[in-house]
Amino acid sequence: MPSARKPDPNSVLRSLPSVDELLRSTTGKDILASGGHRHAGDLARHVIRELRRIVVSGGNSFSSKSELLREAEAVLLDTWKQQQLMPLRRVINATGVIIHTNLGRAPLSDIARRSIADEASGYCTLEYDLITGTRGKRGRLAEDLVTELTGAEAVLIVNNCAAAAFFVLSVFAAGGEVIVSRGELVEIGGDFRIPDVLAESFAVLKEVGTTNRTKLSDYENALGENTRMIMRVHPSNYRILGFTETPALSDLAALASRKGLVFYEDLGSGALTDLTAFGLADEPVVGSSLAAGAHIVTFSADKLLGGPQAGIIAGKATYVDQLRKHPLYRALRVDKFTLAGLEATLAAYRRDAALDEIPVLRMLSQDARKIGERVAPFVAALEAKREGREGLSLEVIDGRSAIGGGAAPDVELKTKLIALDHNGMSSSQTEQMLRQADPPVITRITEDRVVLDLRTVAETEEHLLLEILSAL
Ligand SMILES: *Cc1c(COP(=O)(O)O)cnc(C)c1O
C-alpha cells in the first residue's frame with residue numbers, strides 16, 4: 001500500500017523479520033514441513049536479503065513489522081511455488097508436434113514404460129546371462145532386434161545419434177579427410193553442425209559439389225591420399241527443392257568400396273519401416289540404406305523409431321566390432337533404462353505391432369477424419385461438463401500437426417484443432433493457466449487463440465485434459 005510519506009529506511013530495516021521469525025510464520029512452517037530445514041532456511045534468507053535490498057534502495061512502502069512479515073511470507077510462498085514447477089514432470093502435449101524435442105521427443109509405448117519401471121529399475125540382467133549364469137553382453141537383445149529389423153551385420157547402441165556420429169568419425173576418419181556434399185553440411189538444431197562434429201573428431205572436411213547439385217564425379221575428383229571416408233547426411237530438418245541432384249547411394253557405396261574407404265550415412269531419424277503412406281516419402285529407411293551398400297549408418301532411437309533417447313550404429317561387422325572394442329565406447333554406452341525401453345520398442349516392430357503400440361507411429365497414422373472422430377465427443381463432453389458456466393467458447397477448426405524432431409519439415413499432417421476463447425482471459429493468460437495446471441497442458445497460440453491438437457494427446461489422457469479444461 002503506498003503511503004503519503006516514505007518511511008525512514010533505517011527504522012524499516014530494524015523491523016525486518018529475522019530468518020527464524022519468517023520460518024515460524026504460517027507460510028514458513030508449511031515450507032519447513034515440505035521443503036526440509038536447510039532448504040527452507042536458504043529460501044527464507046534469500047527472501048529477507050531481497051526485502052532488505054528493496055528497503056535500502058527506497059523502493060518500499062512498508063512500515064510496520066507485521067506488514068513486512070506478511071510481505072516476506074508472500075514472497076517466500078511465491079518463490080516456493082515457482083520451485084515446485086521446476087522438477088522433471090509429465091506434461092500433456094496438446095501442441096500437435098509429435099516428436100517435440102523440448103517435451104522429451106518420443107513418448108514410450110505402454111510396454112516400454114512397464115519394462116523400464118518393473119524390469120530395469122532394480123537389479124536386472126543388464127550384463128548377466130541367465131542361461132550360463134555368467135557375465136552377459138550389455139544390450140544384446142536390442143542389438144539383435146536391430147540386426148533382424150534392418151539386415152545389418154552388426155549393431156552397437158550409444159547415447160544418441162550425435163554421439164554415434166562423433167564416435168564413427170573419430171574412430172574411422174581422425175587425421176584424414178571426409179568427403180561431404182555441400183548440400184548436406186547441415187545443422188540439426190542448435191549445437192549439432194556437421195562441419196563442427198567433423199572438426200571435433202579431428203577429421204578434415206572436404207566439401208564437394210554445390211548446395212543443390214552434387215555429382216558422382218565431384219566425389220571422384222575429390223579423392224586423395226588422405227581420404228578416409230565418404231559421408232552422406234540426411235538433411236533431416238530442411239529440404240532443397242527444384243533443380244537438384246545427388247548420386248545414388250549404391251554408386252557412392254561402389255566408389256567407396258573400390259577405393260577402400262568407409263562409406264558412412266548419418267540418417268538421423270531412423271525410420272525402420274517405409275512411412276510413405278503417411279506422407280513421409282523422403283525419410284530413408286534404415287534397411288534400404290544398408291541394402292544399397294552403406295557400410296555404417298547411424299540414427300536416433302527417439303525420433304521416428306519411437307523409443308527412448310539412444311543412437312544406433314548399424315552396418316558391417318568389421319567396423320561395428322572395432323567400435324565395440326574401442327575405449328570410447330565405455331564413455332558412450334547406454335544404461336539399463338534405455339535398453340529396457342529400446343528392447344520393448346523394437347520388439348513391437350518384430351511382432352508387427354508397431355503401428356498400434358508405438359505412440360509416434362500411432363499419432364502419425366491418424367488422419368484428420370480420425371482425429372475429428374475423437375474431437376467431436378471430447379468437445380461435447382467438455383460442453384456438458386461446463387453446462388451453465390460462462391467464459392469458455394470452443395470451436396473445432398481445420399489445422400496442421402507437425403512431425404517435429406528435425407524430420408520431414410515439409411510434411412504437414414491435416415488435423416482438427418480445438419480453438420479456445422475465454423472471455424475473461426487473453427490467449428496468453430489461458431495458455432499460461434493450462435501450462436501451470438496439474439499435469440501441465442502445453443498448447444500453442446494461433447491467430448490469438450489457444451488451440452489444442454488431440455493428435456499428440458493419448459486417448460488415456462483425454463479424461464485428465466477434460467477435467468483441466470472444465471475447470472478453466
Ligand atoms: C537428429 C539428428 C542427429 C542428432 O541426433 P540426436 O539423437 O539428437 O543426438 C544427427 N544427425 C542427423 C542427420 C539428425 O537428424
Side-chain angles (χ1 to χ4, degrees), residues 97-108 139 142 146 155-170 172-173 178 180-201 203 205 229-240 246 249 252 263-272 275 280 282-286 288-290 294 296-315 323 328-329 331-335 337-339 341-342 345-346 360 402-411:
V97 180
I98 297 176
I99 306 168
H100 198 307
T101 297
N102 299 155
L103 302 182
R105 287 203 184 151
L108 297 181
V146 178
V155 171
L156 192 66
I157 295 157
V158 293
N159 263 310
N160 50 31
C161 189
F166 173 71
F167 196 16
V168 168
L169 290 167
S170 312
F172 298 114
V178 178
V180 189
S181 160
R182 288 197 170 88
E184 298 172 9
L185 295 174
V186 294
E187 171 181 312
I188 318 276
D191 35 24
F192 187 86
R193 304 172 119 195
I194 294 298
D196 297 350
V197 176
L198 271 142
E200 284 302 316
S201 337
L205 168 64
M229 178 185 281
I230 295 177
M231 180 183 186
R232 175 117 143 189
V233 184
H234 176 54
S236 303
N237 53 8
Y238 92 122
R239 290 288 176 271
I240 297 171
T246 182
L249 215 56
L252 281 179
F263 178 38
Y264 161 45
E265 184 174 29
D266 181 13
L267 289 169
S269 284
L272 288 183
L275 300 172
L280 278 75
D282 282 350
E283 279 306 317
V285 178
V286 178
S288 312
S289 280
L290 291 168
I296 309 173
V297 299
T298 56
F299 52 99
S300 298
D302 57 351
K303 292 182 180 170
L304 288 173
L305 193 152
Q309 179 190 305
I312 301 180
I313 303 171
L323 295 173
L328 201 51
Y329 173 55
L332 302 175
R333 70 183 190 182
V334 292
D335 68 3
F337 305 110
T338 303
L339 286 171
L342 187 57
T345 305
L346 293 167
V360 164
I403 312 279
D410 49 345
V411 174

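When a ligand or atom number is given, it counts from 1 through the structure's own listing order.
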Would you please test Ile312 and Val286 for side-chain contact (heavy atoms from CB on, under 4.5 Å) and show each step?
CA-CA 10 Å; Ile312 301 180; Val286 178; over 6 Å; no
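- Among protein heavy atoms, atom 9 (O) of ligand 1 sits closest to Ala162 N, 2.8 Å.
- The side chain to side chain contact (heavy atoms under 4.5 Å, CB included) with Val233 is formed by just one residue from the set Leu267, Leu185, Ile194, Val197; it is Ile194.
- A distance-only check finds a donor-acceptor pair linking the side chain of Gln309 to the backbone of Asn159 [under 3.5 Å].
- Not close to ligand 1: Glu187, with no non-hydrogen atom less than 4.0 angstrom away.
- The closest protein non-hydrogen atom to atom 11 (N) of ligand 1 is Asp266 OD2, 2.6 Å.
- For Leu267, no nitrogen or oxygen atom sits less than 3.5 Å from a nitrogen or oxygen atom of ligand 1, counting backbone and side chain alike.
- Here the side chain of Ser269 pairs no donor or acceptor atom with the backbone of Ala271 at under 3.5 angstrom.
- In this structure, Gln309 has no heavy atom closer than 4.0 Å to ligand 1.
- Of the listed residues (Asp410, Val411, Val97), just one forms a side chain to side chain contact (heavy atoms under 4.5 Å, CB included) with Ile403, and that residue is Val411.
- Nearest non-hydrogen protein atom to atom 15 (O) of ligand 1 is Ser236 OG, 2.5 Å.
- For the pair Asp302 and ligand 1, the shortest N or O to N or O distance does not fall below 3.5 Å.
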Go through Val158 and Leu323 one step at a time and tell me if the side-chain contact (heavy atoms from CB on, under 4.5 Å) criterion holds.
CA-CA 11 Å; Val158 293; Leu323 295 173; over 6 Å; no
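- Leu304 pairs with exactly one of Val285, Ile99, Leu272 by the side chain to side chain contact (heavy atoms under 4.5 Å, CB included) rule, that one being Ile99.
- Taking any N or O of Ser269, backbone or side chain, none lies under 3.5 Å from an N or O belonging to ligand 1.
- Between Val180 and Leu198, the closest side-chain pair of non-hydrogen atoms falls below 4.5 Å.
- Interface of Arg105 with ligand 1, defined as ligand atoms under 4.0 Å from a residue heavy atom, comprises 6 (P), 7 (O), 8 (O).
- On a distance-only criterion, Ile188 and ligand 1 share no N/O pair closer than 3.5 Å.
- Residue His234 has no N or O atom closer than 3.5 Å to an N or O atom of ligand 1.
- Each of the following atoms of ligand 1 lies closer than 4.0 Å to a heavy atom of Lys303: 1 (C), 2 (C), 3 (C), 5 (O), 14 (C), 15 (O).
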Discussion item. Test side-chain contact (heavy atoms from CB on, under 4.5 Å) on Val168 and Met231; report intermediate values, then the result.
Written reply: CA-CA 10 Å; Val168 168; Met231 180 183 186; over 6 Å; no
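- Those atoms of ligand 1 that come under 4.0 Å of a heavy atom in Ser300, given as number and element, are 5 (O), 6 (P), 7 (O).
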